[in-house]
There are 2 protein chains.
Amino acid sequence: MGLKRTTINDLAAKLKISKSTISKAIKGYPDVSEKTRKKILKLAKKLNYKPNSIASSLRTHQTKTIGVIVPSVVHDFFSKVIDGIIQEAENNNYLVIILQSGEQADLEEKQLNLLKNKQVDGILLSVSNETGVKERLNKVLEKGIPVVLFDKIIKSFDCSKVIIDDKKAAYDAVCYLIHKGYKRIAHFGGVLTAQNSIDRFLGYKQALIDNNIPYNPDLVYVNPNNDDINDGYLNAQKMLKEHTNIDAVFAITDLIAIGVYKYFNKINIKIPEDIAVFGFSNWLVSSVVTPKMSTVNQPSFEMGKKATEILIDEIKKMNNDIEFSFQKVVLPTSLIIREST
Amino acid sequence: MGLKRTTINDLAAKLKISKSTISKAIKGYPDVSEKTRKKILKLAKKLNYKPNSIASSLRTHQTKTIGVIVPSVVHDFFSKVIDGIIQEAENNNYLVIILQSGEQADLEEKQLNLLKNKQVDGILLSVSNETGVKERLNKVLEKGIPVVLFDKIIKSFDCSKVIIDDKKAAYDAVCYLIHKGYKRIAHFGGVLTAQNSIDRFLGYKQALIDNNIPYNPDLVYVNPNNDDINDGYLNAQKMLKEHTNIDAVFAITDLIAIGVYKYFNKINIKIPEDIAVFGFSNWLVSSVVTPKMSTVNQPSFEMGKKATEILIDEIKKMNNDIEFSFQKVVLPTSLIIREST
DNA sequence: TATTACAATTTAAACGTTTCTATTTTTCTT
DNA sequence: AAGAAAAATAGAAACGTTTAAATTGTAATA
């Protein structure tokens, strides 16, 4: 078994200096003379002393760790968000614990508790689609630890949030389609327990209304199984069975759109000549399919970075008993027009 | 500020029972009577007592946390590996800290130190491409904490490893191409500091030799910038400038192959009629491009799961001073033949 | 030179567990 | 019913820091 790590006591013993002085020297407190500080730092380096962060955490109630819960990590968008989180955290000397809820509210609740127990300094959360999430959140998070919600938020939960304007993004996309001349536009959406599904649906609807196209609920298809590609495929099939005059599909995710591609491809419907397809999120896949897919660019890395920035700021403020108010940051999106529309 | 958490002392005070008994009751030790255990558990539940894991870690030197370093999280393959890691860890009550090396050896070293300081119980690592990584690893990891290498390993580093047989997988892919009748097969590989780049190259070469096709180093292109899609594109361009009779490309990653697709597409070279393309890893993209790409299926989730399983096993053994020897697990790959070959 | 102020250092307690050892209580023998 | 053995509980130290309060040393002031 490995040698014992050097502790502050070892240094103290070797130097015959009290450990409080050692601690202060290491942490750069002003109240230790240059002479002793030099001596201490020198030996610390020589013995490769690294403060034991666990002990420090116990004493200070800070772990320099933040917890992240996302529905899934195998996800172009979330993986980029996580990239942003990890990088911003690292820049601020925080480490990141990642958990996947798999869209299950119970698991999410359990994980929240886990993180609290682990005493993370703050939590970054993109909530699951299930209902009753707010109550669960409230149960776990009776103030005391900063939480920032991102992307999949709960509107009424009182904390900082980083999102995009889903409604506007969807509105813009559908307006674009309309201005391109498409009139019978179907919407392949998500379950309406998720705020961003709701907002994207609302944007779709509003765009129709504002352009004097009657909104027809029959043209809205919800993906049933949370299995995007397959659901897109199935719904495309269903849609074509039910309607013959659709000229465009606005999908809530690129993956659903890919499913649509697959079915259209199979039965030889040409995109965009026969039916146009518009995706959402700008996953890597959207840029490599044929035809290249039009989609909504959703800042992902930036979202992770910003959410982390806010969280760390709140952690610091809370530690110093500085008042702060919750922020709501809306990141800009843009349409990426490619060949599918 | 939130209420103070309940501690073992609170329970002890309320119940007038010593905290050692409380601790034992909570942890299910046999040496406490049923009667008192019940009493303790009841109050613990009532006051929502959760043992402070930091304090426990300080005492036991266990954090129930494992550290993971991968080159990047925004990566179809690695994200799936991480999925496997997180799930297996969670099943064993471990949390996972994730760090990205960005293929930079210094950062990797720094992160290794970070994790050690954080006292993670074990480390899962997929090393960066840079040279000198072994020395750095040795420096940081003088035994004392279990490490399992996966996918991108260092052959000579003494620890458990979970990999695929890169050489064989590449060999099989190239043999397949040859049996399909392709004769002038180029290889788009990676820098030869990475073991899997080396092995895939070796497999390519061996397949040619075993099939009586002369190996021609001019047909091997290394991606220069670690920017797969673009590198694939650039090398495709370069290759066609230098050779006119290539009939197939075996790429070391799907992303490089996608780059090749892009260039071929641009200059109107038909896949597979003019030139076939074979990828590696079975990223989502490979299944949605046109034509669908033949590739090597690389178990990703399983790799993460297995590596974690081994790591946790070693952690346990080490804690109990049980001897163990390092394992080398080679996960099976398979060819996925689609339309590009 | 005594007094005061300030700088440097030390002491001691605390953070919340776990676990070894000691003590008390209960149960079992004879 | 006394003594031994076993079971249950308690005590105390330890894990490695941080920090408020106390102490010592040094320099400045009158």
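Because only heavy atoms are used, hydrogens play no part in the values below, and waters and symmetry mates are left out as well, while side chains stay in. In this text, all values refer to a predicted model and were calculated from it rather than measured experimentally. A, B, ... follow the sequence lines: proteins, then strands. Residue 1 opens every chain.
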Please list all pairs passing the ring pair (Phe, Tyr, Trp, His ring centres under 6.0 Å) test where one or both residues lie in residues 19-75 of chain B, with sequence neighbours left out.
B:His75-B:Phe78, B:His75-B:Trp283
Overall bend of the helix from C:dT1-D:dA30 to C:dT30-D:dA1 (five pairs an end, 10° steps) is 50°
Value for CD (A:Glu314) from SG (A:Cys159), rounded to nearest 0.5 Å, stands at 8.0 Å
Quick one: CG on B:Asn117 to CG on A:Leu95, what's the gap to the nearest 0.5 Å?
10.0 Å
Under-4.0 Å salt bridge between A:Lys110 and A:Asp106:
no
I need the CD-C1' distance between A:Gln62 and D:dT17, as an integer number of Å.
14 Å
Starting at atom CD1 of A:Ile26, determine the distance to atom C1' of C:dT9, rounded to an integer number of angstrom.
16 Å
Which letters describe nucleotides 11-17 of chain C, given B = protein heavy atom under 4.0 Å from base, S = only from sugar-phosphate, - = neither?
B-BBBBB
Taking only side-chain nitrogens and oxygens of B:Tyr29, does any of them come within less than 4.0 Å of OP1 or OP2 of C:dT19?
yes
Residue pairs fulfilling salt bridge (charged side-chain N to carboxylate O under 4.0 Å, His left out) with at least one residue in residues 49-58 of chain B, sequence neighbours excluded:
none
Tell me which residues in residues 30-38 of chain B lie within less than 4.0 Å of DNA chain C, going by non-hydrogen atoms.
none
From CD1 of A:Ile40 over to C1' of C:dT9, roughly how many Å is that when rounded to an integer?
10 Å
Which heavy atom in A:Glu103 sits nearest to a heavy atom in A:Lys152, and how many Å separate them?
OE2-NZ, 2.8 Å
Assess, by modelled atom type and distance only, whether the side chains of A:Asp121 and A:Thr63 contain a donor and an acceptor separated by less than 3.5 Å.
yes
Lys/Arg N to Asp/Glu carboxylate O, B:Glu109 vs B:Lys139, below 4.0 Å:
yes
Donor on one side chain, acceptor on other, B:Ser20 and B:Ser23, under 3.5 Å
no
Under the salt bridge (charged side-chain N to carboxylate O under 4.0 Å, His left out) rule, what pairs show up with a residue in residues 77-90 of chain B, not counting sequence neighbours?
B:Asp76-B:Lys80, B:Glu88-B:Lys305
